[in-house]
Every structure is written in structure tokens, then in C-alpha cells.
Undergrad: 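One structure is given below, represented as C-alpha cells, and several questions about it will come after.
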Amino acid sequence: MRVLVTGGAGFIGSQVVEALLARGHEPVVFDALLPSAHAEPPPPHPAVRRIVADVRDRAAVDEALRDVQAVCHQAAMVGLGKDFADAPDYVGCNDLGTAVLLAAMAAAGVGSLVLAGSMVVYGEGRYACPRHGVVRPGPRAEADLAAGRFDPQCPACDTALGPELVSEDAPTDPRNVYAATKLTQEHLAAAWARATGGRAVALRYHNVYGPGMPRDTPYAGVASFFRSALARGQAPVVYEDGGQRRDFVHVRDIAAANAVALEAAADREAGTLTAYNTGSGVPHTVGEMAHALAEACGGPAPVVTGEYRLGDVRHITASSRRIADELGWRAQVDFASGMKEFARDGMRAGAPTEPEVATEPEVATRPGTSGAGAVGSGVAVPAGAVQGP
């Protein structure tokens, strides 16, 4: 099967290309190779055609779709941006770019799409109160954060809530521009599927990490920030108490999920979009990850600051049961092995920027900042950072 991989030169996209090659497919890379995502343009894969263009360029997309049977859409602008003034760039890159791609697919008769989604569409995770069952907490109060009370409270009785796994049936609640654009991408893909009889899958990536993450850049996520600090001989800086729960999933597992979803497209009902949480299924805290990386790198122990950012999500971990049951995909790289590999193997050069630190996916810890990826970059983790894409 010939598959167009947008963002195919990026962190996740390049691994998707390798997974497709290993399964006998013919990937075609489509990437803008913007300097904001690629400080050093990666060399082309010797066995893969590469098209350097922006996904918003309709003529370039039309040409790239010739003789293509499916599209794996990784290209996106990731991160939270510097402030709301970045909103037009996010909407233009993520949503207009997706609309151009889908319109070209409709014209070309390409009927299969796998979209790099993100867990950020959920906002806060799933919580349960011992007295009131599953509840949806409001934003954490600054007074609680300042006092070190980081876990959300039950809105009915103020009891500390316990985190649970989020399923795909959970309500969506995007809390920033990036999250809103990722949810809009899903809506656009669903509309395309209904209008054309196409088949679409949205893989809602959790915290993607692994070799090839960009270093010293706000375009990645918490794993990249910690790993970059350790490479400089510095301690990872962790906000709050380090108890924020996340689902860290290896980039090779994410790539395999894309390949499996593409191959299963023909079995899906025409005219539909199906969303799948795509995580390891085993929650870990940000503090645990920082300690695991520091130990594996032989570097200084993490520094837990107790600082916080208003609006940050406390816990978000996935149930990946649906993708296991329906597509047979399960993450294969365990946390300990993955962190040791990540500590050992290299990172790609990031965009020129001042080193930062982070506690959240796609979030830098300097208040009001994080950074934006690039159309065609595929840097996510998912988003990414862990893009997602």
C-alpha cells in the first residue's frame, strides 16, 4: 500500500515511515522541513520519496496524492504557544492544513486516513470521589496550588479525588488553542468521512517519548526537556510535587499503532471516524519519569520545586483497551526499558532557543510560554510532545 505520511521527517512521522517499510508498504514523506522544527534538515531516506512542501499548499498535496491509497497525517503545530496571539498560526497550520489535505483526498478518491490525535482533547482526566462516584472537577484554585494542595477536590464535598483511566467515551474539554485545534481536526476528519464514504481513525496519543526527540526546544514535551537538561549535566526541574500522573508511550509503539490502524481501515464502516486512546496503559508520575531518566543517564537527581502553573492538568492517563480489543495493538516497550534506551540513544538537534524545562506534555514551565512546532514537522506527542503529533 502506498501511504502519504505528512510530517514524515519528524520525530513520530519518521518512525511511522520505518514501521510502514518494515511491513512491506510504500511510504511517501511530505514535510515542510521548517527550521522551527528541524535545526538541521534530516537526510532523505534512501528508499523513500520525499516531498518538501507545506500541507496547506493544495497543488503540492494534489501531486503528492497521486497513486496513494491512504494518508497518515502527522503534520501539526504543537505546544501551547507564547500567548493567544499565536491562535491564528495554530488554526492555520492544524485546521486549515487538515482541511486542505482532506479536500485534496476527496478530489483524488483517497478514502483512508489515520490522524495523529492527542489526549489534550480531554482536558483534565477522569476522577472519582469516595462518596459521589465519578465527578468532573473544575479548574484548580490558585489558593490550593499555592498551599501545595495539587490534587483536584470533589465539587460536592471537597474530598481529594482519585484519578482513574480515561476512556474514549469521556467528554472532550479542550482547554487551550492547541487542544481546540486537535479536536477540530477530528471533527473535520469525521465530516470528510461522512461526505465521501471514507474511513478515518484518530489515534489520541498520550506522552510520546523515545530516541529522535528534538533537544533543547519548546516544541517537544516533558521527556525531551528532562533528557536535554541531563545531557547538559543539569538536574531535571519538576513542578508541583512531581505526582502528576501521565501515560508515557514509546515512539516505536506509536508508529506501530499507525501501521496497524492503516491496515485495518478496510474493515471499518465507511463514512465514520473512530477515536482510539493510544498509550502504554500503565500510568507513571512525572517525578518517576524524571528519576528514571536521571538514574539511567547517571545524572543529578531531579529538583522538585513546588511551583505551578494555573491551568495545568494534574492527572491524565488513558485506557487503551479499545484499540487492543478492536485492532489488536498493545504497547510493547515497558517503561524501564524505554527510559534506559532514551537515556542511551541520541536526540535530534532542536530549533535554536533558550533551554527550558517542563512538567506537562506540550507545556514549558516558564509561565505563559511553551513554543510552537511547525506544519510538516511531525514533532508531537504527542503531542506531543509529546503530540502529539
Side-chain angles (χ1 to χ4, degrees), residues 5-18 29 31-45 50 52 74-82 86 89-90 93-94 116 118 178 205-232 234 236-237 248-252 254-255 289-290 293 297 338-339 341-366 369-389:
V5 184
T6 68
F11 167 50
I12 295 176
S14 61
Q15 291 288 340
V16 171
V17 167
E18 294 293 344
V29 169
D31 201 298
L33 297 183
L34 296 183
S36 54
H38 299 277
E40 301 172 2
H45 195 292
R50 185 167 78 181
V52 179
Q74 305 294 316
M77 183 173 178
V78 303
L80 294 184
K82 293 181 180 180
D86 290 331
D89 290 334
Y90 277 91
C93 294
N94 296 356
S118 175
Y178 170 67
Y205 300 163
H206 279 245
N207 295 66
V208 188
Y209 74 96
M213 288 191 86
R215 66 175 180 266
D216 292 330
T217 170
Y219 307 142
V222 60
S224 175
F225 287 110
F226 290 167
R227 179 69 177 83
S228 296
L230 289 162
R232 299 190 299 268
Q234 299 172 354
V237 176
F248 299 101
V249 57
H250 197 279
V251 65
R252 285 198 303 274
I254 288 292
M289 192 266 282
L293 268 182
C297 289
M339 289 296 161
E341 179 192 10
F342 185 37
R344 180 184 68 244
D345 291 353
M347 300 174 74
R348 67 172 63 193
T353 184
E354 291 297 318
E356 299 195 45
V357 290
T359 59
E360 299 286 347
E362 299 108 11
V363 177
T365 56
R366 193 171 66 210
T369 71
S370 75
V375 171
S377 71
V379 179
V381 237
V386 275
Q387 186 196 164

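Counting begins at 1 with the first residue of the sequence. Atom set for the values below is all heavy atoms of this structure, side chains included, hydrogens, waters and symmetry mates excluded.
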Undergrad: Report the C-alpha distance between Arg227 and Met347 in whole Å, list the side-chain angles of each, state the deciding distance to 0.1 Å, and finish with yes or no for side chain to side chain contact (heavy atoms under 4.5 Å, CB included).
TA: CA-CA 9 Å; Arg227 179 69 177 83; Met347 300 174 74; 3.0 Å; yes
Undergrad: Which residues pass the salt bridge (charged side-chain N to carboxylate O under 4.0 Å, His left out) test with Arg252, sequence neighbours left out?
TA: Glu341
Undergrad: So which heavy atom on Gly8 is nearest to which on Asp31, and how close?
TA: N-OD2, 3.5 Å
Undergrad: Check the pair Phe11 / Val251 against side chain to side chain contact (heavy atoms under 4.5 Å, CB included), numbers first and verdict last.
TA: CA-CA 8 Å; Phe11 167 50; Val251 65; 3.7 Å; yes
Undergrad: Taking the side chain as everything from C-beta on, heavy atoms only, tell me whether Leu293 gets closer than 4.5 Å to Phe342.
TA: yes
Undergrad: Report yes if the side chains of Tyr178 and Ser118 come closer than 4.5 Å at any heavy-atom pair, otherwise no.
TA: yes
Undergrad: Under the 3.5 angstrom rule, does the side chain of Asn94 hit a backbone N or O of Met77 as a donor-acceptor pair?
TA: yes
Undergrad: Tell me the closest heavy-atom pair linking Gln74 and Gly13, and the distance in Å.
TA: CG-CA, 4.2 Å
Undergrad: Going by side-chain contact (heavy atoms from CB on, under 4.5 Å), name the residues that satisfy it together with Pro42, two or more places apart in sequence or in a different chain.
TA: Ala9, Leu33, His38, Arg50
Undergrad: Find the distance between CE (Met213) and CZ (Phe226) and round it off to the nearest 0.5 Å.
TA: 11.5 Å
Undergrad: Answer whether the closest heavy-atom distance between the side chains of Met339 and Cys297 falls below 4.5 Å.
TA: no
Undergrad: Given side chains that start at C-beta, do those of Tyr209 and Val222 come closer than 4.5 Å, heavy atoms only?
TA: no
Undergrad: With sequence neighbours left out, what residues match Ala255 under side-chain contact (heavy atoms from CB on, under 4.5 Å)?
TA: Gln15, Val16, Ala19
